Amino acid sequence: MAKYKRVLIKLSGESLMGEKSFGISPKMLKLYAQEIKPLVEEKIEVAIVIGGGNIFRGLQATDSGIERVTGDYMGMLATCINGMALQSALETEGVYTRLVTAIDMQEIAEPYIRRKAIRHVEKGRVVIFSAGTGSPYFTTDSAAALRANEIGADVLLKGTRVDGIYDSDPEKNPGAKKFDKISFSEVISKGLQIMDMTAFTLCQENNKPIVVFDIRKKGNLLKVALGESIGTVVYK
Ligand code: GTP
């Protein structure tokens with residue numbers, strides 16, 4: 001029996017690169033699609049926010065003479081490219097999808113209308129939210145927190161390269177201790193970084209739990225959605 005009825009999955013754009021240094025790894029794209037499909041088969045309602053860091057990072061633009069806001073919009077467009085790729089990959093696996101965009105581009109994706117997006121997930125379609133929040137100065141983590149709240153997802157599942165939240169960086173400190181559960185206020189008091197503050201406080205204020213887990217490990221996503229104790233749960 002699934003623990004969560006409706007989930008919002010934040011997929012990092014960067015991990016879509018796989019072993020490459022830029023762009024989309026066909027192997028990772030397929031892995032994402034194959035990881036998502038079993039959730040739909042379990043009748044869990046799935047919505048996704050995908051990042052764009054494998055193609056373009058907004059902040060990086062400041063060094064290149066591109067204005068911050070322009071860079072952010074370029075980053076939003078990158079998430080649309082990833083969204084199109086993910087939609088195709090999911091459809092190849094036989095999963096029904098709808099690609100939604102926060103910036104109007106009717107030829108490519110349908111505009112974001114909250115009630116329509118909710119109907120899509122109710123009908124068992126995987127809804128991919130692209131173009132972030134549609135506004136500069138927000139990350140895709142913030143888009144994930146916003147959409148999770150808007151569509152009434154039970155949880156925000158944040159797929160990353162690490163298998164949870166540690167008391168220090170596990171990639172730098174081999175003795176770092178992992179938390180199975182941690183409260184929002186503890187994350188703040190310990191100064192831990194799991195997402196930007198805008199995204200984090202949006203979840204905290206609306207009592208939306210976050211699960212941080214390793215998306216690259218086969219079968220992890222389904223286990224997390226079924227409520228197995230994998231990764232770290234952030235709760236109120
Ligand atoms: P319901 O009929 O309400 O269950 O939803 P539906 O999505 O099946 O119906 P709709 O006629 O809205 O969409 C049919 C197809 O067209 C779907 O693949 C949508 O994603 C797509 N679609 C709908 N609106 C747009 C749009 O503005 N732009 C693009 N590119 N596709 C759209």
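Everything numeric here is computed off the predicted structure, so don't read it as measured data. Order of listing sets the numbers, starting from 1, for every ligand and every atom in it.
- Under 4.0 Å from ligand 1, the heavy atoms of R98 that appear belong solely to its side chain.
- Once rounded to the nearest 0.5 Å, the distance linking OH of Y32 with CD1 of I50 reads 6.5 Å.
- Residue G13 comes nearest to N82 through the heavy atom pair CA-ND2, 4.1 Å, listed as atom of the first residue, atom of the second, then distance.
- Scanning all heavy atoms of the two residues, the minimum distance from A109 to L99 falls at CB-O, 3.5 Å.
- Atom 29 (C) of ligand 1 is approached by the protein to below 4.0 angstrom, counting heavy atoms only.
- Residue K123 has at least one heavy-atom neighbour below 4.0 Å for each of these atoms of ligand 1: 1 (P), 3 (O), 4 (O).
- At the top of the distance list for atom 27 (O) of ligand 1, counting protein heavy atoms only, stands P111 CD, 3.3 Å.
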* To do: Show your working on salt bridge (Lys or Arg N to Asp or Glu O under 4.0 Å) between K223 and E228 and close with a plain yes or no.
  => CA-CA 5 Å; K223 287 181 187 162; E228 276 189 42; 5.0 Å; no
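- Counting heavy atoms closer than 4.0 Å to ligand 1, residue I108 contributes backbone atoms (N, CA, C, O) but none from C-beta onward.
- Not a single protein heavy atom sits closer than 4.0 Å to atom 16 (O) of ligand 1.
- One finds a salt bridge joining R57 and E14 here, because a Lys/Arg side-chain nitrogen approaches an Asp/Glu carboxylate oxygen to under 4.0 Å.
- Near A109, meaning under 4.0 Å from any of its heavy atoms, are these atoms of ligand 1: 26 (C), 28 (N), 29 (C), 30 (N).
- Only side-chain heavy atoms of R125 come within less than 4.0 Å of ligand 1; its backbone N, CA, C and O stay farther off.
- Side chains of S25 and E19: a donor-acceptor N/O pair is absent below 3.5 angstrom, by distance only.
- Within a 4.0 Å radius of atom 6 (P) of ligand 1, the protein contributes at least one heavy atom.
- The CD1 atom of I215 sits 11.0 Å away from the NZ atom of K10 when rounded to the nearest 0.5 Å.
- Every atom of ligand 1 with a heavy atom of E107 under 4.0 Å away is listed here by number and element: 30 (N).
- Shortest contact from atom 20 (O) of ligand 1 to any protein heavy atom: E110 OE2, 2.7 Å.
- Looking at D180 and S229, their side chains never bring a donor and an acceptor atom within 3.5 Å of each other.
- Note that atom 11 (O) of ligand 1 has no protein non-hydrogen atoms nearby, at separations under 4.0 angstrom.
- The existence of a salt bridge linking D141 and K158 is confirmed by a sub-4.0 Å separation between a basic side-chain nitrogen and an acidic carboxylate oxygen.
- In this structure, atom 9 (O) of ligand 1 lies nearest to the protein heavy atom K116 NZ, 4.5 Å.
- At a threshold of 4.0 Å, the pair E45-K5 counts as salt-bridged, since one of the basic side-chain nitrogens sits closer than that to a carboxylate oxygen.
- The closest approach between a heavy atom of R119 and any atom of ligand 1 is not below 4.0 Å.
- Ligand 1 is approached by H120 to a heavy-atom distance shorter than 4.0 Å.
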